[in-house]
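Read the structure below first, then the notes.
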Amino acid sequence: MHISITDDFDLAKIARSGQCFRVKEFEDGSFRFVTGREVLYLRQSAGGFAVSCPEETWQRVWGPYFDLGRTYSAVQKIIPESDTYMQLAAQEGRGIRILRQDPWEMLVTFIISQRKSIPAIQQAVELLAERFGEAVTTPYETLYTFPTAEQLAGAQAGELAACKLGYRVPYIQDAVAKVLSGQMDLAALATLPDAELFEKLKTIRGVGDKVANCICLFAYGRMGAAPIDTWIHKIIAREYGGHNPFPAYGEHAGILQQFAFYYAIAHKERFT
DNA sequence: ATGCAGGCGGGCT
DNA sequence: AGCCCGCCTGCA
């Protein structure tokens with residue numbers, strides 16, 4: 001099927017923006033995204049995109065996933081002239097979207113992410129999926145779903161450790177236990193105000209400010225959440241004299257944070 | 001080879 | 001409340 005997207009939308013930038021760890025970029029310029037049991041292949045073609053799913057699935061699953069209901073081009077215009085770094089970052093990051101991903105997957109993935117590089121995170125997530133997820137076969141490949149809490153519940157600590165989770169194993173076990181017991185109802189959390197959602201997520205071991213903000217932003221679409229990782233920390237120190245510029249951007253903070261992050265990793269030399 | 005990579009928990013002040 | 005240290009593991 002062929003679709004058109006009029007707003008800012010750049011697959012390569014989205015794939016490299018560090019918010020999703022299971023996206024695959026093929027040599028012919030096409031991309032693969034996975035959420036739940038749904039797998040999407042798409043590539044840019046003549047004024048739009050060729051997508052592997054039917055219209056119904058695109059509307060129901062992938063439109064929300066790519067946050068197509070929001071106009072990202074408008075965000076470019078709200079940055080004041082005085083914020084020169086953000087102007088630059090927003091220009092460079094134009095086309096990135098904040099993906100609306102599965103809360104459970106984000107919870108586990110961002111617990112894993114601490115003290116790991118992006119390739120290392122990807123590796124651990126793939127190992128988890130291969131060992132505990134379910135196989136899904138497409139015309140192009142066989143891949144594995146991200147394991148549910150139920151699927152991880154039976155895992156021995158040693159099996160989790162074999163997925164290169166290291167000291168995070170008890171954190172993942174705590175997340176599994178809290179979700180299975182109903183103590184942490186991830187679907188119900190969607191109705192909570194931002195601050196309450198944030199605090200509730202932090203009751204899981206291994207979830208601190210940064211990880212909780214990532215989950216708020218990438219799973220619950222809380223655009224005011226602006227996670228401060230080492231790169232954003234460097235940006236604040238180096239470009240803003242230690243003053244965090246993101247809170248002042250309110251409900252645009254999360255999107256701008258993502259632009260700022262993308263700019264930093266694309267120009268590492270400027271921050272090292 | 002020390003230090004670091006998209007932090008966090010626990011103990012201390 | 002804020003600071004410091006240790007921590008699985010892979011990599012340069």
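Residue numbering restarts at 1 for every chain, and letters A, B, ... go by the order of the sequence lines.
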Under 4.0 Å, counting only non-hydrogen atoms across every strand here, what does [X] touch: a base, just sugar-phosphate, or nothing?
X        : value
A:Val207 : sugar-phosphate
A:Gln258 : nothing
A:Arg205 : sugar-phosphate
A:Ile232 : nothing

Please report, rounded to the nearest Å, how far the [atom2] atom of [N] is from the [atom1] atom of [X].
X        : N      : atom1 : atom2 : result
A:Asp209 : B:dC8  : CG    : P     : 7 Å
A:Phe110 : B:dC8  : CZ    : P     : 11 Å
A:Ile236 : B:dG6  : CD1   : C1'   : 13 Å
A:Arg168 : C:dC7  : CZ    : P     : 14 Å
A:Lys202 : B:dG10 : NZ    : P     : 14 Å
A:Arg16  : B:dG6  : CZ    : P     : 17 Å
A:Ile118 : C:dC11 : CD1   : C1'   : 15 Å
A:Ile204 : B:dG7  : CD1   : P     : 19 Å

Measuring from atom NZ of A:Lys24 to atom CD of A:Glu126, what distance do you get when rounded to the nearest 0.5 angstrom?
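If we round to the nearest 0.5 Å, A:Lys24:NZ and A:Glu126:CD are 9.0 Å apart.
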Worked verdict on A:Ser73 versus A:Asp7 for side chain to side chain donor-acceptor pair (under 3.5 Å)
CA-CA 6 Å; A:Ser73 54; A:Asp7 193 29; 3.1 Å; yes
With nearest nucleotide decided by heavy atoms, which residue, A:Ser17 or A:Tyr171, maps closer to the 5′ end of DNA chain B?
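Its nucleotide being nearer the 5' end, the pick is A:Ser17.
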Under 3.5 Å donor-acceptor pair, A:Lys210 side-chain atoms to B:dG7 base atoms
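Check fails, no donor-acceptor contact within cut-off.
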Between [N] and [M], how far is it from one [atom1] atom to the other, in whole Å?
N     : M     : atom1 : value
B:dG3 : C:dC8 : C1'   : 15 Å
C:dC7 : B:dA5 : C1'   : 13 Å
B:dG6 : C:dG2 : P     : 26 Å

Geometric class of the A:Phe218/A:Phe110 ring pair [parallel <30°, tilted 30-60°, perpendicular >60°]
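A:Phe110 vs A:Phe218 ring planes: parallel.
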Can you identify which nucleotide, out of B:dG7, B:dG6, C:dC8, has its nearest atom closest to the A:Val211 side chain?
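Of the candidates, B:dG7 comes closest.
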Output the single nucleotide from B:dG6, B:dG7, C:dG10 whose closest atom is nearest the side chain of A:Tyr167.
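Nearest nucleotide to the side chain: B:dG7.
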Main-chain N/O of A:Arg205 paired to A:Asp174 side chain as donor or acceptor, under 3.5 Å:
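Yes; at least one donor-acceptor contact below 3.5 Å.
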Does A:Tyr41 offer a backbone N or O that forms a donor-acceptor pair with the side chain of A:Tyr140 under 3.5 Å?
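Checked: no pair found.
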Taking only the side-chain nitrogens and oxygens of A:Lys234, find out if one of them lies under 4.0 Å from OP1 or OP2 of B:dC4.
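No, A:Lys234 has no side-chain N/O under 4.0 Å of OP1/OP2 on B:dC4.
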Is the centre of the A:Tyr85 ring less than 6.0 Å from the centre of the A:Tyr263 ring?
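So the answer is yes for these two rings.
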Taking the six-membered ring for Trp, are the ring centroids of A:Phe49 and A:Phe66 within less than 6.0 Å of each other?
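Not close enough - the centres of the two rings lie 6.0 Å or further apart.
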The dot-bracket string of DNA chain C, counting Watson-Crick and G-U wobble pairs with both distances under 3.5 Å, using [ ] for crossing pairs and | for pairs to another strand, is |||||||.||||
Just checking, is any N or O donor in the side chain of A:Glu134 or A:Gln151 under 3.5 Å from an acceptor N or O on the other one?
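Their side chains do contain a donor-acceptor pair, which is all the 3.5 Å distance test asks for.
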